[in-house]
Amino acid sequence: MLEAEAPDALEKRVKERREGLPELPNADKGKVILRFAPNPNGPLTLGHSRGVIINSHYAEKYDGKMILRYDDTDTKIKRPELKAYDWIREDFTWLAGRKPDIILEASARMSEYLTHAKQFIEEDYMYVCTCTADEFKQLRNDQQECPCRANSTLKNSDLWDQMNDKEGGFNEGDAVVRVRTGMDHTNPALRDWPALRIQRAGHPKVGEKYRVWPLLDFQSAVEDHIQEVTHIIRGKDLMDSTRKQKLLYKMAGWNYPETLYWGRVKVHEFGGFSTSQMKIDIENGNFEGWDDPRLPTLRALRRRGYDAQAIRQFWIDLGLTQKDISVPMSTLNSLNAKAVDVEAPRLSFVRDPRTVILDITEIELTNVTLPVHPEHPAKGVREWPLGDNPLKVKITSEDFSSAEGRRLKDFATISINHQETEQGWKGEIIHIERVDDTPIIHWLPSNMAQPAVLVLEEDGELVSAEGLLEINDYPDGTVVQLERMGFAILEGTEENGARRLVRLHG
RNA sequence: GCUUGUGUGGUGUAGUUCGGCCCAUCAUGACGGGUUCUCGAUCCGUCGACCCGGGUUCAAAUCCCGGCACGAGCACCA
């Protein structure tokens, strides 16, 4: 009786909470090869970052290799941009925290693709089709074979040569190479899908050297095989791509990689991530460039001071589901705040400042002491000398307009008389000690203030808010926390000498 | 139209393969409170979900059947 139940008890699996991403199917440590394959028609966006992070994360997890492949075989619709090759490499390295193991450019691998194409035509896996796109569309819908399908192998080889011949009869749109998958597939996307076509526009990398270019499904299929990619993880919009490629792999006798998918992602604040659309918007002057802080490009996020590790964590938390999702930036911002907070020194920034004049002859204090970071006293303190009487205090216009008393943080409770003098508006110190819950405001003594601008988005507009920044000697690139305002990064100096900051988030 | 995928709190996510440990996890968010001389951080509390309808079963988020909703592909783009 006991023995009969024992096997049951052994098989009883305990449900454990999974940490991080699930295991990859059929993954042998040290043998996994993954790739991330963007089109270099612009820099990487937050959307791309999922591909970079998930793939490189698995590459590290299994001690495997990570390929960065530029899928730049379209010279017309999504024309590659030369600078984007460098941008993407930089974006990748920053985000993944390491360089790709292998970098490939499809345009530099053309001879491989054309050789395979020629061979596949000779083996009759593919044929040249001279129907127009519209004609074939009709045939595909009706599940009818096109006349070209009946051409002999020899004829196809001849037509293939004509496609490649720069002086030949075939022009752009005249002919295309199709994979002979069959017109009887229930899924219309799979019916004799196109593998290569003619493009006359020059390629920014290789110029006019080639006339026939592979389409994504063919280029990717051949390259993944050559590179011995073991796992493909990509958006589920490419599911039919997998099915098409599997048909080709079967003909060629190749083994298709394990494939996993994620769903479509939107971010509440940005919507989708269309590189092409951003390009248009930038050209139209709606944005100042690829690193405009309002854009969801990695360059913009990096400029604003986002932490790469926080972005990595963001995608790993979202996991590998095929659900279409829309996430708010607050989820990422929360992770980012945790990442940057401990290293962010506190500084005071007074936007749109007003000057309040205070008589300090009655008080004993000569300077004000504030922590660099309230949770980490070891980081030291900030000393603000009060200087000569009267003390000129800078506060933001918002705080100024109220008639009620205000407590200058870490200093004194004051009242503002709203009487203007030559030096500023008159105010009075009510007491130094904090005795009530008068609202606390941030401020600066004029001798600790330097001109500054804070670049931030307000109602869709990019605003350079003028103000005064606490004098400091932190280098550019330091993420700071502006008291009562949120995180920002020191970026540089304006022509007029003002310090420039870019807002990160609250 | 054909093909294909997905439905768990406001937003994400774990659990679904192999039904019971799930009156359902964690994060984020909102709300309330403690602490703090920042609108930050931190601590405590509260809110809130298995798309719908049948079926199988002692037992269903999980299995079966049928709906519904939303997304994607059917480009000589990637």
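Across all strands shown, B:A24 forms no Watson-Crick or G-U wobble pair with both distances under 3.5 Å. Pairing partner, B:C76: none, since no Watson-Crick or wobble contact has both distances short of 3.5 Å. Of the nucleotides present, B:G29 is the one that pairs with B:C47 by Watson-Crick or G-U wobble criteria, both distances under 3.5 Å. With a cut-off of 3.5 Å on both Watson-Crick or G-U wobble distances, the partner of B:U13 is given as none. Under the Watson-Crick or G-U wobble criterion, with both distances below 3.5 Å, B:A60 has no partner in any strand shown. Pairing partner, B:U38: none, since no Watson-Crick or wobble contact has both distances short of 3.5 Å. For B:C68, the paired nucleotide is B:G7, the pair qualifying as Watson-Crick or G-U wobble because both relevant distances are below 3.5 Å.
Comparing A:Asn141 and A:Asp341 along RNA chain B, the residue whose closest nucleotide (by nearest heavy atom) sits nearer the 5' end is A:Asn141. The nearest heavy atom of RNA chain B to A:Leu215 and to A:Lys409 marks one nucleotide each, and the one closer to the 5' end goes with A:Lys409.
Residue contacts shown for A:Pro328 are limited to sugar-phosphate atoms, with no base heavy atom under 4.0 Å away. Contact annotation for A:Lys76: no contact, since no heavy-atom pair falls under 4.0 Å across all strands. Contact annotation for A:Gln481: base contact, defined as any heavy-atom pair under 4.0 Å involving a base atom. A:Leu238 comes within 4.0 angstrom of a nucleotide base, judged by non-hydrogen atoms across all strands. Note on A:Gly319: nothing from the nucleic acid sits closer than 4.0 angstrom, heavy atoms only. Within 4.0 Å of A:Arg407, counting heavy atoms only, lies at least one base atom of the nucleic acid. Within the nucleic acid shown, A:Arg243 comes within 4.0 Å of sugar-phosphate atoms alone, with no base atom in reach, counting heavy atoms only. If you check every strand for non-hydrogen atoms under 4.0 Å, A:Ser241 touches nothing. Within 4.0 Å (heavy atoms only), A:Leu318 reaches sugar-phosphate atoms of the nucleic acid but no base atom.
In this structure, the nucleotide among B:U28, B:G40, B:G1 sitting nearest to the side chain of A:Pro188 is B:G1. Comparing atom distances between the A:Thr321 side chain and each of B:C77, B:U42, B:A14 picks out B:A14 as nearest. For A:Glu375, the side-chain atoms get nearest to B:A41 when compared with the rest of B:C77, B:A41, B:G73. Counting only heavy atoms from C-beta on, A:Ile325 has its side chain closest to B:G12 among B:G12, B:C76, B:U3. Considering only side-chain atoms of A:Arg264, the nucleotide from B:A41, B:C76, B:G71 that sits closest is B:G71. Proximity note for A:Asp74 (side chain, C-beta onward) versus B:G73, B:C77, B:U38: the nearest is B:C77. Listed nucleotides B:U28, B:A78, B:U11 differ in distance to A:Ser330; the shortest reach to its side chain belongs to B:U28. For A:Arg197, taking side-chain heavy atoms from C-beta onward, the closest of the listed nucleotides B:U6, B:U11, B:A78 is B:A78. With B:A78, B:U28, B:G73 as the candidates, the nucleotide lying closest to the side chain of A:Thr331 is B:U28. Nearest nucleotide to the A:Lys78 side chain, out of B:C77, B:C37, B:C76: B:C77.
Atom name P, nucleotides B:U42 and B:C21: the rounded distance is 34 Å, in whole Å. Comparing B:G15 with B:G20, their C1' atoms are spaced 14 Å from each other, to the whole Å. Comparing B:A27 with B:G9, their C1' atoms are spaced 13 Å from each other, to the whole Å. When the C1' atom is compared between B:U25 and B:C50, the two are found 13 Å apart, to the nearest whole Å. Rounded to whole Å, the C1' atom of B:G48 lies 22 Å from the corresponding atom of B:U16.
Across A:Leu216 and A:Ser241, no two heavy atoms sit closer than the pair CD2-OG, 4.4 Å. For the pair A:Leu347 and A:Glu470, the tightest heavy-atom approach, listed with the atom from each and the gap, is CA-OE1, 3.4 Å. Taking each heavy atom of A:Gly427 and A:Leu358 in turn, the nearest pair found is C-CD2, 3.4 Å. In plain terms, the two heavy atoms of A:Ala189 and A:Asp240 that are nearest each other are CB-OD2, 3.7 Å.
Residues A:Thr413 and A:Arg407 bring a donor and an acceptor atom of their side chains to less than 3.5 Å of each other. Side-chain contact annotation: A:Thr275 with A:Asn41, donor-acceptor N/O pair under 3.5 Å absent. Under 3.5 Å, the side chains of A:Tyr85 and A:Glu105 contain no donor-acceptor pair of N or O atoms.
OP1 or OP2 of B:U8 lies within a sub-4.0 Å distance of a side-chain N or O belonging to A:Lys323. For the pair A:Thr73 and B:A78, the criterion of a side-chain N or O lying under 4.0 Å from OP1 or OP2 is met. OP1 or OP2 of B:U28 sits under 4.0 Å from a side-chain N or O of A:Lys338.
For the pair A:Asp410 CG and B:U36 C1', the computed distance is 11 Å after rounding to whole Å. Per the geometry, NE2 belonging to A:His268 stands 12 Å off P belonging to B:A30, to the nearest Å. Following rounding to the nearest Å, A:Leu21 (CG) and B:U13 (P) show an atom-to-atom distance of 12 Å. One can place CD1 of A:Ile311 at 19 Å from P of B:G12, the figure rounded to the nearest angstrom. The separation between A:Phe218 atom CZ and B:C77 atom C1' is 17 Å, rounded to whole Å. Remark: P of B:G12 and CG of A:Leu320 are 16 Å apart, rounded to the nearest angstrom. B:G73 atom C1' lies 14 Å from atom CD of A:Gln322, rounded to whole Å. Atom CZ in A:Arg406 sits roughly 14 Å away from atom C1' in B:U38 (whole-Å rounding).
Side-chain atoms of A:Arg264 do not come within 3.5 Å of backbone N or O of A:Asp324 as any donor-acceptor pair.
Residues A:Phe218 and A:Leu196 are in side-chain contact: their nearest non-hydrogen atoms beyond the backbone lie under 4.5 Å apart.
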